Amino acid sequence: MLTQIKGLHHVTSMAASAQENSDFFTKTLGLRRVKKTVNFDDPEVYHLYYGDQIGTPGSVMTYFPFPHIAKGRPGAGEVGETSFAIPEGTLDYWQERLASRGVAGLSEHELWGEKRLRFKGPDGDAFSLVEVKNDPRRGWAVTEVDEDKAVKGFHGATLRLTDPGATRELLSFMGYEEVDRKGESSRFAISGGNDGADVVELEIAPSADRARLGAGSVHHIAFAVEDRAAQLEVRKALIDTGYQVTPVIDRDYFWAIYFRAPGGVLFEIATNEPGFDRDEDTRHLGEALKLPTRYEPYRDQISRRLVPIRD
Ligand code: ZN
């Protein structure tokens, strides 16, 4: 069993509109946009990152907004719901806040002994806010959402699968422990994670069709390791277990490796180093367009093709 994984690092999804996406995460959910860069494989598309003050791993929701992308079709083999932690006693506040801003799909649930508010993102993305006791993380305090109510970061994510068997094994290998089970659904948690962001749930939908990737779908889910040395250990262990893992890729703010989990979900292992403040003053994170070095010579061209985002 691996001991290097520290819970979630980030979740990356697809959106249709960069402006709508930025407004939703910064103004409605009150996260901080910590980076405005481009998709490193397709620099005509933004890559937007939202999180806490500095984009602490475990708090970072990221998006590729493709202007003409079709909506995704929910199904099996994808992340079904991404959940954020909120302080205990703030669910009513969030219910009112999201309702007053016209957020779709609001419904309250009691699940795994926790209070959960489900809602939809601008492209139908499935999210929830979960009241978590004694979460030590500090949320991003903005004018509209006080720090004592702010989203603290991820709580976890739900993988929707037709068959949980191999994924259960993989999560256990990664250091997760099954802490609860209801029928075929189960909840895994990891201790010693990024101070939270430590839950993965499995939702079993045996007859579901395969999900179709599009706006509102999660592209991949990234798990955290402290540094590059730990990442290499994890990479070797996964390869020894039979997984096909990519080489280490420099994403400027972390190093990444990717592999396909047995149920079809794309997993990434990302390093906590060097972080989102490596190339910007923390007071101005996410304001300027940052480009990887290889695209710097084409900054003018790239900027002209991106629709500016109004803050
Ligand atoms: Zn990623």
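Here the structure is a predicted model, which is why all the values come from computation and not from measurement. All ligand and atom numbering here is 1-based and tracks the order in the structure.
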Item to check | Option among Asp252, Thr62, Asp279 that satisfies the side chain to side chain donor-acceptor pair (under 3.5 Å) test with Lys35 | outcome: Asp279
Checklist entry - Should Val265 and Leu161 be marked as a side chain to side chain contact (heavy atoms under 4.5 Å, CB included) after you check the CA-CA gap, both sets of side-chain angles, and the distance that decides it? => result CA-CA 9 Å; Val265 183; Leu161 308 168; 4.3 Å; yes
Checklist entry - Does the pair Asn272 and His9 meet the rule for a side chain to side chain contact (heavy atoms under 4.5 Å, CB included), with working shown? => result CA-CA 8 Å; Asn272 285 352; His9 186 287; 3.6 Å; yes
Checklist entry - Near the Zn ion (ligand 1), which protein N/O/S atoms fall under 2.8 Å? => result His10 NE2, His220 NE2, Glu268 OE1
Checklist entry - Should Lys290 and Glu280 count as an ion pair when the cut-off is N to O under 4.0 Å? => result no
Checklist entry - When hydrophobic residues are tied together by side-chain contacts of less than 4.5 Å, even through go-betweens, does Val130 share a cluster with Tyr176? => result no
Checklist entry - Any donor and acceptor pair, going by atom type alone, linking the side chain of Trp94 with main-chain N or O of Lys149 inside 3.5 Å? => result yes
